[in-house]
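Quick notes on the structure that follows.
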Amino acid sequence: MDVEVLGPFLVPLSSALAAFGFLPLARRAGFVDHPNARKQHGMPVPLIGGVVVFVGLIMAGLTTGLWRGEGWGWFLAAAVVLTAIGTLDDIFDLSARWRFLWQGITVALACAASGVYIETLGALFGGGAVMLAGLTGLGFTVLCALACINAYNMIDGIDGQAGGVTLLTLAGVAILSAAAGHNGTGLFAALACLALLTYLMFNLEIPLLRGWKMFLGDGGSTLLGFLVLWLVVAGSQRDGSFPPIVAVWLVGVPILDMLAVFARRLLAGARRSAPTALTSTTCCSTAGSIPDRR
């Protein structure tokens with residue numbers, strides 16, 4: 001039997017097993033998010049959502065065979081490092097400067113080694129395509145990766161928000177890639193949706209999973225940001241499944257939210273790295289639509 005046929009079963013199964021296995025361990029180890037003045041959930045919640053999604057991604061790569069070629073091994077290596085950086089930030093509250101530095105170095109190495117980086121912006125001005133040669137393209141990709149990673153981190157404040165936004169982007173990449181005939185990327189994105197859906201069932205505590213709630217944590221939101229960046233760059237640049245401008249639309253919501261947050265903080269006289277009640281999440285909470293759990 002072709003192992004790809006088992007992917008839709010094995011990916012959510014592996015993520016669910018990881019959830020049931022790691023959640024009790026996280027509680028015992030104290031790897032939880034505690035409620036406080038800004039975080040309104042009622043009790044400590046384990047921060048293992050990123051691990052749950054990551055286990056599913058590993059299985060997705062195994063069932064599709066992507067880890068064996070086309071630079072995907074570099075994606076996996078970078079995802080491990082970036083998830084670890086985010087997890088360390090959950091535990092030790094790393095400074096933004098050092099976090100950005102190691103994120104940038106990791107992304108730069110992975111993109112340079114794999115050849116997956118932004119080389120063209122497409123016909124932005126109606127004429128010929130705008131090309132980014134060599135280090136210019138690589139540097140621009142790293143800048144976009146940092147923006148994407150931290151944008152997804154900033155929208156991770158309401159149950160299901162970061163996961164739901166990512167799910168829409170992954171579904172878009174899957175459909176566009178499959179329609180263009182790039183079945184490997186399309187299938188991986190579709191299977192990543194299943195891993196993410198498994199996490200969301202725990203995060204939103206569907207009836208059968210009461211008491212098994214978990215959050216993404218910085219490790220998980222970092223992983224999602226990098227996953228989205230990699231897939232839209234691979235789809236728009238290497239595969240040519242969709243134009244570069246479509247990639248911008250696919251990640252538009254978190255990026256626009258991040259820019260809006262920066263603008264609000266500057267207008268309010270706050271430092272950009274300081275936590276304030278100015279994100280879309282906390283604006284919704286203040287309006288009374290849904291509790292902010294950050």
Side-chain angles (χ1 to χ4, degrees), residues 50 53-54 57 61 66 70-89 94-122 130-156 162 165-166 169-170 172-173 185 188-189 192 196 216-239 241-242 244-259 261-262 272-273:
V53 175
F54 187 65
L57 293 182
L66 285 180
E70 297 187 49
W72 283 93
W74 289 105
F75 163 79
L76 179 60
V80 170
V81 175
L82 291 171
T83 303
I85 293 171
T87 302
L88 289 174
D89 187 37
L94 304 178
S95 72
R97 179 182 303 174
W98 286 106
R99 191 171 68 247
F100 290 166
L101 174 63
W102 288 110
Q103 287 173 348
I105 291 173
T106 302
V107 172
L109 290 174
C111 291
S114 65
V116 178
Y117 57 88
I118 300 171
E119 299 177 277
T120 176
L121 300 179
V130 178
M131 305 301 295
L132 301 177
L135 290 177
T136 302
L138 181 60
F140 184 67
T141 305
V142 172
L143 182 63
C144 290
L146 292 175
C148 200
I149 288 170
N150 290 283
Y152 277 82
N153 179 274
M154 294 177 75
I155 66 169
D156 181 31
V165 170
T166 306
T169 301
L170 294 179
V173 172
T185 303
F188 181 81
L196 197 52
L216 278 172
D218 286 347
S221 59
T222 298
L223 172 64
L224 294 188
F226 180 61
L227 170 65
V228 166
L229 182 281
W230 186 276
L231 286 175
V232 297
V233 171
S236 65
Q237 305 292 315
R238 184 189 62 194
D239 298 345
S241 299
F242 45 86
I245 191 61
V246 173
V248 177
W249 285 106
L250 287 171
V251 298
V253 171
I255 296 298
L256 287 175
D257 181 69
M258 179 184 68
L259 294 175
V261 169
F262 284 171
R272 280 181 238 186
S273 60

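Keep in mind that this is a model prediction, so the values were computed, not measured.
Listed by chain and residue number, nothing satisfies the ring-ring contact (aromatic ring centres under 6.0 Å, His included) test with F54 (two or more places apart in sequence, or in another chain). Considering only residues two or more places apart in sequence or on other chains, S221 meets the side-chain hydrogen bond (donor to acceptor under 3.5 Å, both in side chains) condition with N153. In this view, F75 and W72, F226, W230 satisfy the ring-ring contact (aromatic ring centres under 6.0 Å, His included) rule, not counting sequence neighbours. S236 is linked by a side-chain hydrogen bond (donor to acceptor under 3.5 Å, both in side chains) to nothing, counting only residues two or more places apart in sequence or in another chain. Under the rule for a side chain to side chain contact (heavy atoms under 4.5 Å, CB included), the partners of W249 that lie at least two apart in sequence or sit in another chain are I245. A search for salt bridge (charged side-chain N to carboxylate O under 4.0 Å, His left out) contacts involving D89 returns R99, not counting sequence neighbours. With sequence neighbours excluded, the residues satisfying side chain to side chain contact (heavy atoms under 4.5 Å, CB included) with L259 are I255. Residues passing the side chain to side chain contact (heavy atoms under 4.5 Å, CB included) test with S241 are S177, A180, H182, D239, sequence neighbours excluded. Judged as a side chain to side chain contact (heavy atoms under 4.5 Å, CB included), and not counting sequence neighbours, the contacts of I105 are L101, W102, L109.
Between I149 and L229, every side-chain heavy-atom pair lies at or beyond the 4.5 Å cut-off. Using a 4.5 Å heavy-atom cutoff, the side chains of L82 and V107 are in contact.
When all heavy atoms are compared, the tightest approach of G86 to T222 is CA-OG1, 4.2 Å. Contact between W74 and A113 at its shortest, heavy atoms only, is CE2-CB, 3.3 Å. In terms of heavy-atom proximity, V261 sits nearest to M154 at CG1-CE, 3.3 Å. Listed here is the closest heavy atom pair of Q237 and P244: NE2-CG, 3.9 Å. Residues L224 and A162 come closest through the heavy atom pair CD1-O, 4.3 Å. Closest heavy-atom contact between A151 and P254: CB-O, 3.5 Å.
To the nearest 0.5 Å, the span separating CG on L231 from CZ on F188 amounts to 6.5 Å. If you take CG on L256 and CD1 on I155, they are separated by 11.5 Å, rounding to the nearest 0.5 Å. In this structure, CD1 on I85 lies 11.5 Å from CG on D218, to the nearest 0.5 angstrom. Interatomic distance, CG of L223 versus OG1 of T87, reported as 9.5 Å (0.5 Å rounding).
At least one donor-acceptor pair closer than 3.5 Å links the side chain of T169 to the backbone N or O of L250. Between the side chain of T120 and the backbone N or O of M131 there is no donor-acceptor pair closer than 3.5 Å. Side-chain N or O atoms of T136 include none that pairs as donor or acceptor with a backbone N or O of L132 at under 3.5 Å.
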(request) Take L227 and Y152, measure what side chain to side chain contact (heavy atoms under 4.5 Å, CB included) needs, and give me the verdict at the end. (result) CA-CA 11 Å; L227 170 65; Y152 277 82; over 6 Å; no

(request) Could you walk me through whether L88 and L94 pass the side chain to side chain contact (heavy atoms under 4.5 Å, CB included) test, one step at a time? (result) CA-CA 7 Å; L88 289 174; L94 304 178; 4.1 Å; yes

Atom pairs and distances, side-chain donor-acceptor, residues 138-147, under 3.5 Å, sequence neighbours left out:
{"unit_1": "T141", "atom_1": "OG1", "unit_2": "I118", "atom_2": "N", "d": "2.7"}
{"unit_1": "T141", "atom_1": "OG1", "unit_2": "G137", "atom_2": "O", "d": "2.7"}

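Sequence neighbours left out, not one pair with a member in residues 140-154 passes salt bridge (Lys or Arg N to Asp or Glu O under 4.0 Å).
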